Amino acid sequence: MSEVDTNLLKDLRARGLVAQMTGEDQLEAWLASPRTLYCGFDPTADSLHIGSLVPLLTLKRFQLAGHTPIALVGGATGLIGDPSFKAQERQLNTEETVHAWVDSLRKQVSRFLDFDAQANPAKVVNNLDWVGKMDVLSFLRDVGKHFSVNNMVQKESVKQRIEREGSGISFTEFSYMILQSLDFAELFKAHGCSLQIGGSDQWGNIVGGVDLAKRLYGGQVYGLTLPLVTKADGSKFGKTESGTIWLDENKTSPYAFYQFWLNTADADVYKFLRYFTFLSVERIAEIEEQDQSAQGRPQAQSVLATEMTAMIHGQAGLEAAQRITEVLFSGSIDQLSEGDFAQLMLDGLPSTVLARSALSEKSLSQWLVDAGMVGSGKQVKDAVNRSALLVNNKAISADEMVDTTAALAEEKSLFGRYYLVKLGKKKYHLIEIE
RNA sequence: GCAGGGGUUCCCGAGUGGCCAAAGGGAUCAGACUGUAAAUCUGACGCGCAAGCUUCGGUGGUUCGAAUCCACCCCCCUGCACCA
């Protein structure tokens, strides 16, 4: 039997990663020996986003401490939809869609865990493998009988759906909790899995699973929830003007990803370092101290961005992101070589390739809207009025905004074909004329 | 099925015949200040550079004029009934 790191729980607590747990006193002792634990990820998109990162990384922390992690991809539960704390009934996705998403998530999740560990190799399972085989009568008689609707209705996670005016909950979503409970019981039986972790919104579902595993198999099992990531200013974590921050580099480029973390507010950054990185809490405290005694800009954001980008996108992704950042925010663009521009495009700087003959087709504002740089021409106009729209560092006039040929005149280009468009302080888009 | 309540621009939520592209708040974007922070102040916020165009669940109608009135339809909520 391999040894485990018994300081795990202490470390999780120090990181603020423990929201609730069952069997408060016993869990610590239970984790003194290697155990198997799981966390579920439902396919609600073709990629995980950074919100899922906290449970995923915690699974990793458990593995590093010597326990065996199981990542469950919800091929079955994803077909139903978790109602927990959702304001509205969700639209069901088709089976094909969910199947495809399951495959994507399986790959993504696998990158974080170690499957070759001698003592505690990770596993990935899909709950469709057992739920899909179950027939209705078995479900109702063998599983359903253990659930009290009275109890389920009391759950905070579905309460607002039941009480709230203007919404409701279908039996389908209401049954979700039973399926998730079944997962835990099933994993206990098949893999001796004795701990489920998840976001604190999963508490109700997790407790349901603990109860069911006990009733069906008399298992000694535990549940542990992690805090939902919140921001000090109350806005939603993980979203920016351009949408969700995904883990998939095709949906969120390493550059955008790096920038996201770099823009973390001071009030959140040390908490995020504890939540998301594998830096020790001591090291993080040290960073915080240094930042406090130093004037001006803290180093924490940069550490966070570096750690996270390297973790998700690797060293190459990090370097690309830093290269772009360096050029745009500290360098002067006229020092760029022709090759640098090509590199920026490769590195993932948002860019568009246009034919010179096509320029006269639309106004510059329309081109920028089409390129996805801004939401509407009004925003471009607003920026132009404030001299906040620059092409190769020169402000665009109101006339040029309408006349693309003038705005992107050949003599204004760099190397005859590059135009770096800057809107506001942070938004960049590269246009190449071919 | 019956009765009652409701569906407004990203969200919440005003608006009950012209002054409504539609109050207010939130979110978001931009500017100033800064550290590519926070807080604050300013501007924008259906689409369009503009002229102008398209909206208030849907379709028709009344009217010089409708988010606002009428008819029918769709959807949601609450209660009752039906079913058992």
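Naming convention: chains lettered A, B, ... in sequence-line order (proteins, then strands); numbering from 1 in each chain. Everything quoted here is computed from the prediction, not taken from an experiment.
Across all strands, A:Lys378 comes closer than 4.0 Å to base atoms (heavy-atom distances). If you check every strand for non-hydrogen atoms under 4.0 Å, A:Leu364 touches nothing. Note on A:Ala388: only backbone sugar-phosphate atoms sit closer than 4.0 angstrom, heavy atoms only; bases stay farther off. Heavy atoms of A:Ala265 sit under 4.0 angstrom from primed sugar atoms or phosphate atoms, though from no base atom.
For A:Pro298, counting side-chain heavy atoms from C-beta on, the closest listed nucleotide (B:rG35, B:rA37, B:rA44) is B:rG35.
OP1 or OP2 of B:rA50 sits under 4.0 Å from a side-chain N or O of A:Lys381. For A:Arg297 and B:rU36, the shortest distance from a side-chain N or O to OP1 or OP2 is below 4.0 Å.
Ranked by how close their nearest RNA chain B nucleotide is to the 5' end, A:Ser376 and A:Lys426 are led by A:Lys426. Both A:Gln366 and A:Val374 lie near RNA chain B, and the one whose nearest nucleotide falls closer to the 5' end is A:Val374.
Using P as the reference atom, B:rG6 and B:rA50 are 38 Å apart when rounded to the nearest Å. A gap of 40 Å separates the C1' atoms of B:rU54 and B:rA37, to the nearest Å. When the C1' atom is compared between B:rC77 and B:rA30, the two are found 41 Å apart, to the nearest whole Å. One C1' atom belongs to B:rC20, the other to B:rU9, and the distance between them is 12 Å to the nearest Å. Here, B:rA14 and B:rA21 have their C1' atoms 15 Å apart, quoted to the whole Å. Nucleotides B:rU68 and B:rG58 have their P atoms positioned 10 Å apart, rounded to a whole Å. Remark: the separation of the C1' atoms in B:rU42 and B:rG46 is 23 Å, to the nearest Å. Between B:rA67 and B:rG57, the two C1' atoms lie 12 Å apart (nearest whole Å).
With contacts defined as side-chain heavy-atom distances shorter than 4.5 Å, the pair A:Asp340/A:Tyr418 does not qualify. A:Val149 has its side chain within reach of A:Phe174: a pair of non-hydrogen atoms, C-beta onward, lies under 4.5 Å apart.
Side-chain atoms of A:Asp266 and base atoms of B:rG35 include a donor and an acceptor less than 3.5 Å apart. Judged by atom type and distance alone, A:Gln301 does not reach the base of B:rU36 through any side-chain donor-acceptor pair under 3.5 Å. On a pure distance criterion of 3.5 Å, a polar donor-acceptor pair joins the side chain of A:Lys425 and the base of B:rU34.
How far CG of A:Leu423 is from OG of A:Ser365: 11.0 Å, rounded to the nearest 0.5 Å.
Across all strands shown, B:rU34 forms no Watson-Crick or G-U wobble pair with both key distances under 3.5 Å. Nucleotide B:rC20 forms a pair with no other nucleotide shown, judged by Watson-Crick or G-U wobble geometry with both contacts under 3.5 Å.
Partners of A:Arg417 according to the salt bridge (Lys or Arg N to Asp or Glu O under 4.0 Å) rule, which considers only residues two or more places apart in sequence or in another chain, are A:Glu338, A:Glu432.
Closest heavy-atom contact between A:Leu8 and A:His67: CD2-CD2, 3.9 Å. In this structure, A:Leu216 and A:Ala185 approach most closely via the heavy-atom pair CD1-CB, 4.1 Å. Pairing each heavy atom of A:Val124 with each of A:Ser110, the nearest pair is CG2-OG, 3.8 Å.
Pairs passing the salt bridge (Lys or Arg N to Asp or Glu O under 4.0 Å) check and including a residue from residues 353-379 of chain A, sequence neighbours excluded, read A:Arg356-A:Glu410, A:Lys362-A:Asp370.
Spacing between atom CZ of A:Arg386 and atom P of B:rG31 amounts to 7 Å, rounded to whole angstrom units. Atom CE in A:Met401 sits roughly 7 Å away from atom P in B:rA50 (whole-Å rounding).
Of all the residues in residues 285-294 of chain A, not one reaches under 4.0 Å from RNA chain B with any non-hydrogen atom.
Judged by a 6.0 Å distance limit and a 45° cone about the ring axis, A:Arg61 is positioned over the six-membered ring of A:Phe278.
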